[in-house]
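Quick note on labels: first sequence line is chain A, next is B, and so on, each numbered from 1.
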Amino acid sequence: MESTGIVLGFWLLSGVTVASALLVFLSRNLLHAVLALVLSFLGMAGLFVTLSADFIAVAQVLIYAGAISVLLVFAVMLTPLASRDNANSLFVLPGVLIGAAFAGIVGFVAIDVDWPELTGKAVLGRDFTTTVQGIGSALLDPYVLAFEIASVLLLSALVGAIVLVREDEPA
Amino acid sequence: MDSLHQLHHIAPAATLLVGAAVVLIADLASNRRSDVQWLALLTLVVATLMACWQVLAGLPGESALGGAVIVDVFGLYFTFLLLAVAAAVVIVSSDGLQRVEQRGEFYALLLTSTASMVLLAQAQDLILIFVALETTSIVQFVLAGIARDDRSSEAGLKYLLTGAISAAVLLYGFAFLFGLAGTTSLTGIAAFVGAGAEETRLAVILAFVLVAAGLGFKMAIVPFQAWVPDVYQGSPTPVTTFLSVASKAGGFAIVLRIFYTGLGGGDTFVSEDWAKMFAVFAAVSMTFGNVAAIQQTDAKRLLGYSSIAQAGNIAVGLAAVAGGSTLGASAVLFFLGTYAATNLGVFISVIAVSKSIGSDDIRDYAGLLRRSPGVALVLSLCLLSLTGIPPTAGFLAKVYVFNSAVRTGQDWLVWLIVVAVLNTAISAYYYLRWARIMILDEPRDTLTFRPTLTTSGLLMLAGAGVLFFGLVPTPLIEAARRAAETLV
């Protein structure tokens with residue numbers, strides 16, 4: 001947070017992200033909620049830029065703001081039986097209370113705690129200029145197993161989806 | 001290339017994943033259901049041999065793949081436990097899966113879930129822990145819904161929704177841990193927590209509360225217990241068996257790993273804080289589970305609430321934290337070992353009965369002793385063990401856990417034990433009522449039945465295990481003690 005530009009950008013983007021996230025559950029119309037979600041994703045991407053995480057920012061725009069929101073819109077469009085409204089629920093009040101309490105606790109901890117400067121490995125890994133390079137070598141060296149298991153996860157999710165929705169063969 | 005040479009460190013999990021792929025392909029080629037079942041069983045046997053080889057080759061103690069995994073006695077203890085449970089589920093699935101059409105996929109998913117839990121028990125890095133945990137969870141959501149009738153789909157959906165929330169909570173906790181320590185490796189986090197910076201205390205507490213709450217979903221402890229009764233009741237019974245034994249063990253495994261290896265066990269400035277947190281979780285879980293179980297008439301639903309209560313009992317071991325000691329952790333490990341034998345016995349009995357009389361209602365178990373004496377005896381024995389009555393394994397497990405709490409010398413843990421003993425009394429009511437119905441009540445139907453040969457074999461094994469660990473507990477206690485010692 002060196003220059004005022006970055007600080008200003010940070011607060012602006014934070015405002016946009018949080019406000020549109022609030023819109024997601026305040027709006028009654030499901031499609032409006034999806035659009036607000038896109039805005040929230042974009043704000044998040046901007047926040048990543050202020051942290052100099054360029055690759056994550058681009059990935060956030062491409063995957064979340066692009067692909068996932070299109071998927072959501074299609075899901076809303078292709079399920080004719082589902083209602084297009086945010087459903088009413090008895091749990092609104094307890095939900096809001098728990099959410100507010102949780103936000104209060106996290107906020108208090110975030111302000112009260114004297115956060116340590118990053119040390120050791122986390123700093124040493126910062127001598128690259130573009131984050132793509134750093135992420136690439138991290139994925140293939142210390143995190144190679146997690147990377148491979150993520151593909152197992154995707155495969156089993158695919159198999160699972162087919163298992164659950166496949167039409168029964170006529171006997 | 002370095003990674004390839006270290007593959008033998010994850011040999012059991014890798015075998016299971018390869019086996020899952022082979023099962024999927026073989027299912028296309030073969031029309032006979034038993035073929036894929038045999039393949040799945042073969043995979044589990046090969047994976048067990050791999051784990052034995054790891055022991056004999058002296059691998060324990062080595063960490064590999066960029067420090068993401070470690071081969072140690074703790075990981076191997078859970079590897080053997082999980083493989084045994086998975087094998088029992090595969091064998092009993094020929095009786096318990098009438099409602100399921102897609103057997104090949106069932107076995108492939110079961111193997112995948114087992115593989116990721118085996119990895120979880122070995123994991124030493126938050127990222128791998130999270131990815132492996134999610135793989136297990138997503139597969140289990142599908143398994144819960146695999147019968148595709150209303151009940152099963154409802155179970156799958158409820159499991160998915162609770163699972164998604166708990167994953168978010170867990171990840172939030174991990175983010176705090178990473179933000180504090182600047183590394184995802186558990187040893188790195190241990191170094192940070194060990195340094196004991198008092199000004200970060202609140203953040204560490206928030207982080208571990210979130211982590212414990214998120215993992216509470218796997219262990220089935222309050223506050224993430226809401227899915228348990230519906231999912232246990234709605235899923236096909238072999239899946240319920242897997243969830244109640246393997247998934248719970250996996251959850252406790254990773255909690256032990258994070259809190260002992262990552263948060264330094266009993267020797268840090270936050271030890272007492274998380275001990276108290278688990279004490280609260282334990283007390284609330286066992287009380288909630290036992291009180292809710294009293295009114296249940298469906299066997300699987302009752303076992304769901306019983307599972308919450310038992311998770312509370314196991315969590316007493318998590319609360320029993322003392323400086324320089326891993327007694328609490330070894331009590332948890334021993335409890336999980338005996339619990340596996342006991343709960344397998346109960347669920348296999350339920351599967352055998354349900355197949356013959358087509359009902360899971362406890363009232364239909366009336367006079368089971370005269371209709372199928374073997375099943376009734378094993379089920380009664382296992383129910384005694386769940387209550388904690390000698391000479392069964394469950395008795396020793398409870399004594400061991402409570403003893404570990406007493407030995408810490410903390411006054412407030414005595415109160416926890418008082419709560420636990422009162423709860424044992426409550427649980428005796430519904431466990432023993434079930435046994436009484438089987439032994440004393442008049443049967444509604446005099447038709448006798450026998451479980452299949454393989455099911456009888458498994459039942460005998462489970463019953464023998466419950467008695468053996470109750471009479472000769474030393475080998476298992478010794479293994480649990482050694483496993484716990486490798487944690488710190």
So for A:Val159, is it side chain, backbone, both, or neither that comes closer than 4.5 Å to the heavy atoms of chain B?
side chain
For B:Thr200, is it the side chain, the backbone, both, or neither that has a heavy atom closer than 4.5 Å to a heavy atom of chain A?
both
Can you check whether B:Leu109's main-chain N or O pairs, donor with acceptor, with B:Ser113's side chain at less than 3.5 Å?
no
Does any backbone or side-chain atom of B:Tyr172 lie under 4.5 Å from a heavy atom of chain A? Answer side chain, backbone, both or neither.
side chain
Among residues 140-168 of chain B, those lying within the under-4.5 Å heavy-atom range of chain A are B:Val142, B:Gly145, B:Ile146, B:Arg148
Most chain B-contacting option - heavy-atom pairs closer than 4.5 Å, from A:Asp114, A:Val109, A:Ile149, A:Val163
A:Val163
Treating A:His32 as the side-chain partner and A:Asn29 as the backbone partner, does any N or O pair qualify as donor plus acceptor under 3.5 Å?
no
Measuring heavy-atom distances to chain A, does B:Ile138 have an atom under 4.5 Å in its side chain, in its backbone, in both, or in neither?
side chain
So for B:Leu210, is it side chain, backbone, both, or neither that comes closer than 4.5 Å to the heavy atoms of chain A?
side chain
Using a 3.5 Å distance criterion without hydrogens, assess whether the side chain of A:Ser69 forms a donor-acceptor pair with backbone atoms of A:Ala65.
yes
For B:Phe176 and B:Val204, what are the C-alpha separation, side-chain angles and deciding distance, and is it a side-chain contact (heavy atoms from CB on, under 4.5 Å)?
CA-CA 8 Å; B:Phe176 274 103; B:Val204 178; over 6 Å; no
Measure B:Phe192 against the heavy atoms of chain A and call it side chain, backbone, both or neither at under 4.5 Å.
side chain
Is the backbone N or O of B:Ala47 less than 3.5 Å from a side-chain atom of B:Thr15, with the two atoms forming a donor-acceptor pair by type?
no
How about B:Thr43 and B:Tyr107: does a side-chain donor come under 3.5 Å of a side-chain acceptor?
no
Salt bridge (Lys or Arg N to Asp or Glu O under 4.0 Å) between B:Arg257 and B:Asp72, worked out
CA-CA 11 Å; B:Arg257 182 75 89 184; B:Asp72 59 1; 2.8 Å; yes
So B:Ser185 and B:Gln124, do their side chains get closer than 4.5 Å, heavy atoms only?
no
Side chain to side chain, A:Leu47 and A:Ser14, heavy atoms closer than 4.5 Å:
yes
May I ask you to test the B:Thr135-A:Ser156 pair for a side-chain heavy-atom distance under 4.5 Å?
yes
Under 4.5 Å heavy-atom distance to chain B, tell me which part of A:Phe147 shows up: side chain, backbone, both or neither.
neither
Less than 4.5 Å to any heavy atom of chain A: does that hold for the side chain of B:Ile129, its backbone, both, or neither?
neither
